[in-house]
Amino acid sequence: MPQPATRRTTTTTTTAPPAPQSPATTVLLSILLSALACIYIFYLPSSSQPPKKPHPPATMSWSQSTFTLPPQARGSYLITDHILSRLTPQISDIKIGLLHLFIQHTSCALSLNENWDSDVQLDMTDALERVVPYDRGGKLGLYRHDAEGEDDMPAHVKSALVGASVSVPIKDGRLALGTWQGIWYLEFRRARHTRTVVATIQGERMK
């Protein structure tokens, strides 16, 4: 018995064309692509370019020397020139660093102060005498320690107040002192004394 014919049904699917992009969308996509390209070029390593060499480490230097100051009796003295006469060869080789001066005694001091008017030195000596006076003959009973005379203990007190050391920056081979700053040596004993200073210089050397 013959089979009935089978009807074939063909289904056709129609795809709508994409909607056209607005000009604003096109501009935004262009900016985004440009930004991504810049990131790739400038931030991602390139196999065609050799790696950058690291900067060589700075050459650090340390030096230390000891010298004596001209003998002085009680008073305040500007010693910048004396320091430079001793240390300029070492300082001139330092691009950036520090000079540390330490006086090895307990009856004197180092300080940074006025470098122009010498009256400041006289006034400083007088002011320190008023702050820490002598007890002449022990009449006031101010101090117990007087093993080396009536100026012994006052000298120790003044030394503690002012200090035994100073530090000065070094910049391009020179001391970076202010316009009116100088290095002072303050002697607190009435008799002349010879004092010893230890100078330590550290810093980055000139290339």
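For this chain, numbers begin at 1 and follow the sequence in order.
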Contact between Phe188 and Val162 at the side-chain level, heavy atoms closer than 4.5 Å - yes or no? yes
Is a donor on one side and an acceptor on the other found under 3.5 Å between the side chain of His82 and the backbone of Thr68? yes
Identify the residue among Asn113, Ile103, Leu128 that makes a side-chain contact (heavy atoms from CB on, under 4.5 Å) with Leu186. Leu128
Lys/Arg-Asp/Glu bridge criterion (N-O < 4.0 Å) met for Lys95, Glu204: no
Is there side-chain contact between His100 and Gln202, with at least one heavy-atom pair below 4.5 Å? no
Could you list the donor-acceptor pairs under 3.5 angstrom formed by side chains in residues 118-125, with sequence neighbours left out?
{"from": "Thr125", "atom 1": "OG1", "to": "Ser76", "atom 2": "N", "distance (Å)": "3.3"}
{"from": "Thr125", "atom 1": "OG1", "to": "Ser76", "atom 2": "OG", "distance (Å)": "3.0"}
{"from": "Thr125", "atom 1": "OG1", "to": "Gln121", "atom 2": "O", "distance (Å)": "3.2"}

Could you check whether any side-chain N or O of Thr80 sits under 3.5 Å from a backbone N or O of Ile183, counting only pairs where one atom can act as donor and the other as acceptor? yes
With a 3.5 Å distance limit and no angle check, can you tell me whether Thr88 reaches the backbone of Leu84 through a side-chain donor-acceptor pair? yes
Could you tell me if the side chain of Pro71 sits less than 4.5 Å from the side chain of Thr194, heavy atoms only? yes
Less than 4.0 angstrom from a charged side-chain N to a carboxylate O is my criterion; do Arg192 and Glu187 meet it? no
Which heavy atom of Ala199 sits nearest a heavy atom of Leu87, and at what distance? CB-CD1, 3.7 Å
Determine all donor-acceptor pairs shorter than 3.5 Å in which one atom belongs to a side chain in residues 167-181; sequence neighbours excluded.
{"from": "Gln181", "atom 1": "OE1", "to": "Gly178", "atom 2": "N", "distance (Å)": "2.8"}

Are Ile201 and Ile83 connected in the hydrophobic side-chain network, where two residues link if heavy atoms are under 4.5 Å apart? yes
The complete set of ring-ring contact (aromatic ring centres under 6.0 Å, His included) pairs with one or both residues in residues 140-167, sequence neighbours excluded, reads His145-His156
Do Thr59 and Arg205 pair up side chain to side chain, a donor and an acceptor below 3.5 Å, judged on atom types alone? no
Determine whether a donor-acceptor pair (N or O, by modelled atom type, separation under 3.5 Å) exists between the side chain of Asp135 and the backbone of Leu140. yes
